[in-house]
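Numbering starts at 1 and runs along the sequence shown.
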Amino acid sequence: MATPSGRSVLFVCLGNICRSPIAEAVFRKMATDNGVVDKWVIDSGATSDWNTGSSPDSCGLACLRKHGIETDHRARQVTKDDFMTFDHILCMDESNLRDLNKKASSVKNSKAKIELLGSYDPEKHLIIQDPYYGSDKDFETVYEQCVRCCKAFLEQHS
């Protein structure tokens, strides 16, 4: 799964229908626009199994479309293999971070660097809040945070 250049990233949130698919789609578009998408393995997943197989939230899809981005992602839960195959696992909040670190501790060959996506935010907004019960404006905030963080992450790892 990992590319020879060692560039793979998994974006993670609680349900994999709001924040992480937005981050994945944003990063994929950036990598495509920068001509490096073929050097990356890019995916997203959930700490829970609540939405497995579901499409992203309709508000999230509308937000992405507004910015000219499409995604055909289907929600999936993070697996033990993910910790052995991905170089970077970037999550949205402290709860995700706790869950991922707990899961990683039971994986012998875990090589993934687990971090908050917000740790890359030049505006220092560490937590990307779940917009699930929010408004279109909340999804837009998530989108803008993902753009800033993904841009900084890509610059640091290209």
Side-chain angles (χ1 to χ4, degrees), residues 1-49 51-52 55-57 60-61 63-64 67-105 107 109-131 139 141-158:
M1 178 91 126
T3 57
S5 56
R7 293 191 187 143
S8 55
V9 61
L10 179 68
F11 296 96
V12 177
C13 66
L14 180 62
N16 193 212
I17 57 167
C18 296
R19 295 169 290 175
S20 56
I22 289 174
E24 176 195 356
V26 163
F27 187 78
R28 188 179 306 282
K29 178 158 187 349
M30 263 179 208
T32 301
D33 292 349
N34 285 305
V36 296
V37 74
D38 55 336
K39 293 188 171 87
W40 284 89
V41 173
I42 306 163
D43 199 2
S44 64
T47 55
S48 75
D49 63 358
N51 303 304
T52 301
S55 290
D57 185 283
L61 288 173
C63 177
L64 285 171
H67 294 282
I69 302 173
E70 293 291 331
T71 180
D72 57 2
H73 182 77
R74 292 273 185 236
R76 72 175 186 85
Q77 188 173 21
V78 172
T79 66
K80 284 188 171 187
D81 283 350
D82 290 330
F83 295 96
M84 297 181 283
T85 56
F86 282 93
D87 301 302
H88 301 276
I89 297 180
L90 301 177
C91 62
M92 306 299 153
D93 60 35
E94 276 110 346
S95 171
N96 305 155
L97 193 60
R98 251 191 325 275
D99 291 346
L100 289 167
N101 282 323
K102 190 173 162 201
K103 202 173 237 187
S105 67
V107 178
N109 302 324
S110 178
K111 68 164 188 146
K113 184 173 184 187
I114 303 167
E115 300 176 285
L116 288 168
L117 177 58
S119 66
Y120 290 92
D121 189 347
E123 292 185 18
K124 305 285 184 253
H125 292 281
L126 201 55
I127 303 304
I128 298 176
Q129 298 291 342
D130 192 344
F139 279 89
T141 299
V142 167
Y143 172 81
E144 288 165 8
Q145 283 179 287
C146 287
V147 167
R148 292 194 308 265
C149 297
C150 287
K151 183 175 188 292
F153 174 79
L154 185 60
E155 283 168 2
Q156 275 185 40
H157 296 93
S158 55

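No donor-acceptor pair closer than 3.5 Å links the side chain of Lys39 to the backbone N or O of Ala31. With Ser48 contributing its side chain and Leu14 its backbone, the two residues share a donor-acceptor pair below 3.5 Å. Between the Ser110 side chain and the Val107 main chain, no donor and acceptor come within less than 3.5 Å of each other. Checked by atom type and distance alone, the side chain of Asp87 pairs as donor or acceptor with a backbone atom of Arg7 at under 3.5 Å.
For Lys103, the NZ atom sits in a packed shell: over 12 heavy atoms of surrounding residues, nucleotides or ligands are nearer than 6.0 Å.
Between Lys29 and Asp33, at least one side-chain N (NZ, or NE/NH1/NH2) sits under 4.0 Å from a carboxylate O, which counts as a salt bridge.
Minimum interatomic distance between Pro21 and Leu64 (heavy atoms only, all atoms of both residues): O-CD1, 4.5 Å. For Leu61 against Pro56, the heavy-atom pair with the smallest separation is CD1-O, 3.5 Å. The heavy-atom pair separating Ala23 from Met92 by the smallest distance is CB-CE, 3.9 Å. The two atoms that bring Ile42 and Val37 nearest to each other are CD1-CG2, 4.1 Å, heavy atoms only.
When the salt bridge (charged side-chain N to carboxylate O under 4.0 Å, His left out) test is applied to Arg148, the partners found at least two apart in sequence or on another chain are Asp121, Glu123. Under the rule for a ring-ring contact (aromatic ring centres under 6.0 Å, His included), His125 has no partner lying at least two apart in sequence or in another chain. Listed by chain and residue number, nothing satisfies the ring-ring contact (aromatic ring centres under 6.0 Å, His included) test with Phe83 (two or more places apart in sequence, or in another chain). Taking the ring-ring contact (aromatic ring centres under 6.0 Å, His included) definition, one finds that Phe27 meets it with Phe11, Trp40, Phe153, sequence neighbours left out. In this structure Glu115 satisfies the salt bridge (charged side-chain N to carboxylate O under 4.0 Å, His left out) test together with Lys113, sequence neighbours excluded.
Annotation: side chain of Arg76 is in contact with side chain of Asp82 (closest heavy-atom distance under 4.5 Å). Counting heavy atoms from C-beta on, the side chains of Thr141 and Ile128 never come closer than 4.5 Å. A heavy-atom distance below 4.5 Å is found between the side chains of Glu24 and Asp43. Residues Thr47 and Val12 have side chains in contact (heavy-atom distance under 4.5 Å, counting atoms from C-beta outward). A 4.5 Å side-chain heavy-atom check between Leu154 and Val36 finds at least one atom pair inside the cut-off. A 4.5 Å side-chain heavy-atom check between Ser8 and His88 finds every atom pair outside the cut-off. Proximity of Leu90 to Leu10: side-chain heavy atoms (C-beta onward) are nowhere separated by under 4.5 Å. Within the 4.5 Å cutoff, side-chain heavy atoms of Val147 are placed close to those of Met30.
For the atom pair Ile17 CD1 and Asn51 CG, the distance stands at 4.0 Å (nearest 0.5 Å). Rounding to the nearest 0.5 Å places CG of Asp57 at 4.0 Å from CZ of Phe139. Note: Leu100 CG to Cys91 SG = 5.0 Å, rounded to the nearest 0.5 Å. Note that CG of Asn96 and CG of Asn101 are 11.0 Å apart. Values are rounded to the nearest 0.5 Å.
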Residues Leu117, Cys146; criterion side-chain contact (heavy atoms from CB on, under 4.5 Å); working and verdict:
CA-CA 8 Å; Leu117 177 58; Cys146 287; 4.2 Å; yes
Check against side-chain contact (heavy atoms from CB on, under 4.5 Å), Ser119 and Leu126
CA-CA 5 Å; Ser119 66; Leu126 201 55; 4.1 Å; yes
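Side-chain N/O atoms of Asn16 and His73 include a donor and acceptor closer than 3.5 Å.
Residue pairs meeting the salt bridge (charged side-chain N to carboxylate O under 4.0 Å, His left out) criterion with at least one partner in residues 88-98, sequence neighbours excluded, are Arg19-Asp93.
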